[in-house]
Number of protein chains: 2
Amino acid sequence: MTDDLRSAGAPTLEDVARAAGVSRATVSRVINGVRNVDPAIQEVVRQAVSVTGYAPNRAARSLVTRRADAVALVVSGAGVEAGADREGSGSRSAGDQGSFTAQVFADPFFGRVVTGVVNYLRPRGMHPVLMFAETSRARDEVVAYLRQGSADGALIVSTHAEDPLPGLLTEAGLAAVLFARPARPVPISYVDLAHQDGARLAAEHLLARDCRRIATISGPLDVPAGQARLAGFRDTMARHGHPYTPIAEGQFTQESGEAAMERLLAAHPDLDGVFAANDLMGMGACHVLREHGRRVPEDVAVVGFDDSSAALACRPPLTTVRQPVEEMAAEMTRLLLDRLARPTSPATSVIFEPELVVRGSA
Amino acid sequence: MTDDLRSAGAPTLEDVARAAGVSRATVSRVINGVRNVDPAIQEVVRQAVSVTGYAPNRAARSLVTRRADAVALVVSGAGVEAGADREGSGSRSAGDQGSFTAQVFADPFFGRVVTGVVNYLRPRGMHPVLMFAETSRARDEVVAYLRQGSADGALIVSTHAEDPLPGLLTEAGLAAVLFARPARPVPISYVDLAHQDGARLAAEHLLARDCRRIATISGPLDVPAGQARLAGFRDTMARHGHPYTPIAEGQFTQESGEAAMERLLAAHPDLDGVFAANDLMGMGACHVLREHGRRVPEDVAVVGFDDSSAALACRPPLTTVRQPVEEMAAEMTRLLLDRLARPTSPATSVIFEPELVVRGSA
DNA sequence: ATGAAAGCGCTAACAT
DNA sequence: ATGTTAGCGCTTTCAT
């Protein structure tokens, strides 16, 4: 009805201005909530906006504001293959095309990160662009993407220890925040968990249950989280008079947890407690224990780590150390937006405290 | 070194042009791979690009090309709460903040979708922007986002049957493709699985194993996929001389699968086969069966659906019907890009055939 | 408080 | 084959 002679493209500021009988600048002010606009005119403009069905063109706005209102959410790895994704599902389903992305996203962990990120971003009118950076080439694309101004900064979830991406980003002067401390020190903000404290919680719980022959299935030892969880566990055991505890290294996958449990059981048939460095491996351990006729928790108590969905899927449900992934992801996002607002602010780190969640397995 | 008097902002086309001693247009041509540029000059330009460290500004480009080179990947639902996510994990971990997003992304299903989408998009220089649309307000934001030109089209994964988003999008003349057929017919492209065929495969497998007292744990019956899987199962059973089969409705969560299995077992203690409409429920069923002293598959055979990571996490690993989620997601993406290339092309649907995957449970 | 006008960096006619 | 030029739609001084 109120359509003019235009037929083509979406309405522009110009159209709204004409309809409202004011200038583009005024419309712009109203839309961006800048004060100093007569309330009456504001109303007229708002009318015109809804009549014309106007929606501001984001590219045009970005061109002048130099902000994309988007951040890259990057899942990053060090190499091409090397199955050791952060908390890989260990899945070999047909859907698992052997690709990095397939492995990574099969894990509920990333879903939790996404949740935390989106929940923080959304009320602020920003959105995450998903990117993978598992090859050198893909990493360059991430850098290019940011340099093009397609995203204002990057949130990085690394699956490998020696990930070069954080270094590349800081070198290029791009804003980025990590989930988990980088293996080599990089002047960059990150959030992380007090892994050692978590492992201590697990060890103490096992000890308090009167387990005396406790073993651990560690995570990959080239990953900081894997190292820290093991260190925390060992320290606590030592402090309680157990200088030696059997250890089998896993890769954070269910499969590797099963294999590790088999080894442990073969070498120490009498063990009565197991600390698995994540839930997936804890679940695998439970399976193996049951196959060997051990009851959980009566014969062998099992404690996991993360409080992922695997902990609840397991029978019995896993007693585990909760990692508040969603909150950590939200905080990581907050750190990034802070940095964007104040580009000169120094890098910081925020460490979260884990929490023991007691369920049926220990 | 080759820096001029500029100190501020990123290098622009103008800078490169000056460095190469040519015009902006020529540089643009080289960068966009347009022919008709002297190879020698191309080389000079390329040099200039790398010397200046030039990266094209995406906003400026989008402004003129009217393309964002991004698509919205929307996880959509019908209402605010109503826990019935598509294939909810049934998790109640502390990480599960009760939020829609938390529930949705706890499920490996979405990870598989993301994988398929990214793998198709990436080689084409495009990226997915993650959005949730679980409330009326969030849906409006998705529509606005697209109208602003922030994304060129939308990929929609609905968690509910009566999702209004597809309708909103088509009304607004925006390009969109769905994963799974909409509950009410909407002139929009989608990919889907031949759910009935999948259920048939499951039923025939159970029958071929000489199961005679077969029950099913269905999905939510207000979801097309839930209906179709049940219908396919029943038809096949009937065709094989089983006019009646016990059914318990589940919600695609592990928990609901457990509850359904309890009911089934109470009413039909002698059953010897179960078809669960998804793996999560199948896993729950296995747990309950074992608790009731039934061996799987010796006493009761169980077949799941999806071939999700849950199928492999289960003990015994689930025999299941594989849904090629990654390929379906890639095809969905292809349909969208097709549509963007040819906006007038009619809506189409692509239906994928499921496949039986035999493992330990049946 | 409002308007006029100058770009933001790029692509795409059009001209040569 | 290359250069010139005119915008794309918006924000933002700078006048008024």
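We name chains A, B, ... by the order of the sequence lines, and we start the count at 1 in each one.
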Contact pattern, 5' to 3', of nucleotides 7-16 of chain D - B, S or - by protein heavy atom under 4.0 Å: -BBBBBB---

Non-hydrogen side-chain atoms of Y54(B) and L13(B) separated by less than 4.5 Å: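 Yes, their side chains come closer than 4.5 Å.
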
Close side-chain approach of R139(B) and L168(B), heavy atoms under 4.5 Å: yes

D163(B) and S76(B): side chain donor to acceptor below 3.5 Å: yes

Pairing of D140(A) and R137(A) as salt bridge, 4.0 angstrom limit: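 Judged by the 4.0 Å cut-off on N to carboxylate O distance, D140(A) and R137(A) do not form a salt bridge.
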
Exam field: side chain T52(A) to backbone A48(A), donor-acceptor pair closer than 3.5 Å: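 Here the side-chain-to-backbone pair exists.
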
